[in-house]
*Asks:* 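One structure, as structure tokens, below. Some questions next.
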Amino acid sequence: MKQLLFAWALFASGSVYCQEFNRQKMDSLFTLIEDHQQGMGSISIFSDGQEVYQRAFGFASIEDKVKATPGTKYRIGSISKTFTAAIIMQLVEEGKLELDTRLSTYYPDIKYADEITIEQLLRHRSGIFNFTSAPDYPSWMEQSITQEELVRKIEQYGSVFEPDAKYEYSNANYVLLSYIVERIDQKSFREVLQERVCKPCALRNTYYGSAISVEDHEANSYTNFGDWKLATETHMSVPAGAGAIVANPTDLNKFLHCLFSATAVTEASLKQMTDLQDGYGLGMLQAPFYDKKAFGHTGGIDGFQSNAFYFPTEKVSVAYTSNGVVMPMNDILIGALSIYFGKDYDLADITPALKLKPEDLDQFLGVYSSPTFPVKLTITKNGNVLIGQGSGQPEFRLEAVTPTTFRFDPAQLEIEFFPNEARLILQQGGGTFELNKE
């Protein structure tokens with residue numbers, strides 16, 4: 001749900017892919033991640049509907065000294081959108097809704113409601129502003145909000161382009177879709193989720209979330225700027241069908257198997273869901289891995305990050321839920337999939353960052369700016385960890401590569417400092433920017 005300063009890279013009928021893989025090497029990967037404080041979470045891998053690997057590591061709650069277990073449940077963020085899309089397709093199959101139904105049928109006061117279709121909401125082509133990007137969002141995200149209040153905010157934020165002009169991700173689309181589901185079924189989304197997806201797919205650890213309960217085997221989430229700190233906790237009335245579901249990775253793989261075996265939806269509906277426009281289907285993304293292609297979704301809310309993807313040709317799925325991220329999740333999944341599919345992978349790549357003394361970082365501290373760069377970049381420190389923050393954006397941890405070069409891997413960002421010249425060089429996505437200390 002929340003976005004960091006810079007976008008980061010995210011990680012179809014066929015025969016069964018079931019092979020032996022190096023379990024010891026897979027275990028070693030997650031042991032190294034845990035030992036080097038590079039992340040906390042849980043992973044599950046399925047082959048043809050059966051779990052062939054599971055590993056939980058780190059803590060569900062550091063404060064309570066509760067270790068993560070296979071039963072630990074995590075907020076899955078935007079993977080919720082795939083559940084919501086499946087429910088919408090069930091309603092379409094039942095003739096209770098059509099993909100070309102206009103939003104004005106339910107919310108006529110939203111801009112362009114007479115033109116926006118259900119399919120455009122599903123495909124993020126509505127143009128409705130993404131409310132989680134609003135400057136005031138952090139001030140109300142942890143508070144309970146009614147549907148009427150959130151719809152009013154969506155109306156007030158307006159649109160950023162005309163319907164179907166392009167793809168642009170917006171959580172508002174899926175919040176509205178979940179509200180529409182409730183109006184059609186005359187039940188809460190919590191109840192609909194259980195009846196339409198969780199019970200038919202035998203998901204016993206998946207549900208619409210509420211306040212985090214460690215006693216109920218739910219994980220807290222954390223950020224790491226030198227050590228683990230408890231993250232914010234978004235009130236689950238805010239993300240609704242866009243990001244309010246809680247699950248463990250085993251259940252996510254069960255859901256994917258249910259979906260791709262045409263149990264949750266029909267084959268015709270699944271084909272529509274996996275039909276991509278500008279890289280996005282109906283509640284689904286496509287992710288490549290070497291010559292293989294997977295469908296699924298990513299998620300992020302507070303300190304949680306998650307991935308759940310299914311390889312249709314191989315009938316293999318992987319789900320990874322995390323409540324604390326340092327090493328980019330994409331890198332972890334590349335490692336896990338490389339080991340599973342027998343690709344070359346060197347565990348030596350899992351190494352801690354160069355350790356510098358706190359006083360070594362003082363020369364880099366300050367505010368940097370440039371007429372060619374969209375934000376001011378503030379550099380601070382927390383002990384021996386360097387912290388970056390763009391104006392109006394969340395902080396991010398910079399890992400030392402050399403005594404003067406740092407990187408933030410989730411955004412593919414690298415910064416080289418020239419303290420004697422009071423400047424830095426920032427590189428990201430093929431672009432190079434020079435910023436000077438103010």
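What's counted below: heavy atoms across the whole structure, side chains too, no hydrogens, waters or symmetry copies.
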*Asks:* With T372, which residues qualify under side chain to side chain donor-acceptor pair (under 3.5 Å), at least two apart?
*Replies:* S370

*Asks:* With sequence neighbours excluded, tell me which residues meet side chain to side chain donor-acceptor pair (under 3.5 Å) with K166.
*Replies:* E168

*Asks:* May I ask you to check whether T146 and E149 show a side-chain donor-acceptor distance below 3.5 Å?
*Replies:* yes

*Asks:* For F59, is the NZ or CZ atom of K65 found under 6.0 angstrom from the centre of its six-membered ring and inside 45 degrees of the ring axis?
*Replies:* no

*Asks:* Where is the tightest heavy-atom contact between F373 and V375, given as atom of each residue plus distance?
*Replies:* CD2-O, 3.1 Å

*Asks:* Within 45° of the six-membered ring axis of Y222 and under 6.0 Å from that ring's centre, is NZ or CZ of K229 located there?
*Replies:* no

*Asks:* Does any non-hydrogen side-chain atom of F131 lie less than 4.5 Å from one of Y137?
*Replies:* yes

*Asks:* What side-chain hydrogen bond (donor to acceptor under 3.5 Å, both in side chains) pairs are there with at least one residue in residues 317-328, not counting sequence neighbours?
*Replies:* N253-S317

*Asks:* Please tell me whether T250 and N248 have a donor and an acceptor in their side chains that are separated by less than 3.5 angstrom.
*Replies:* no

*Asks:* Do the charged groups of D109 and R152 touch, with an N to O distance under 4.0 Å?
*Replies:* no

*Asks:* Checking E115 now: which residues fulfil side chain to side chain contact (heavy atoms under 4.5 Å, CB included) with it, not counting sequence neighbours?
*Replies:* Y112, P163

*Asks:* Report yes or no: is the cationic atom of R23 (NZ for Lys, CZ for Arg) closer than 6.0 Å to the six-membered ring centre of Y340, at no more than 45° off its axis?
*Replies:* no

*Asks:* Mind checking side chain to side chain donor-acceptor pair (under 3.5 Å) for Q24 and listing every partner two or more places apart, or none if nothing turns up?
*Replies:* none

*Asks:* I'd like to check the side chain to side chain contact (heavy atoms under 4.5 Å, CB included) partners of Q186; sequence neighbours left out, ordered by chain and number.
*Replies:* none

*Asks:* Tell me if a side-chain donor or acceptor on T84 pairs with a main-chain N or O of S80 at a distance below 3.5 Å.
*Replies:* yes

*Asks:* Please examine the side chains of I415 and L386, heavy atoms only from C-beta on, and report whether any two atoms are closer than 4.5 Å.
*Replies:* no

*Asks:* Could you check if a side-chain atom of L177 sits within less than 4.5 angstrom of a side-chain atom of L122, using non-hydrogen atoms only?
*Replies:* yes

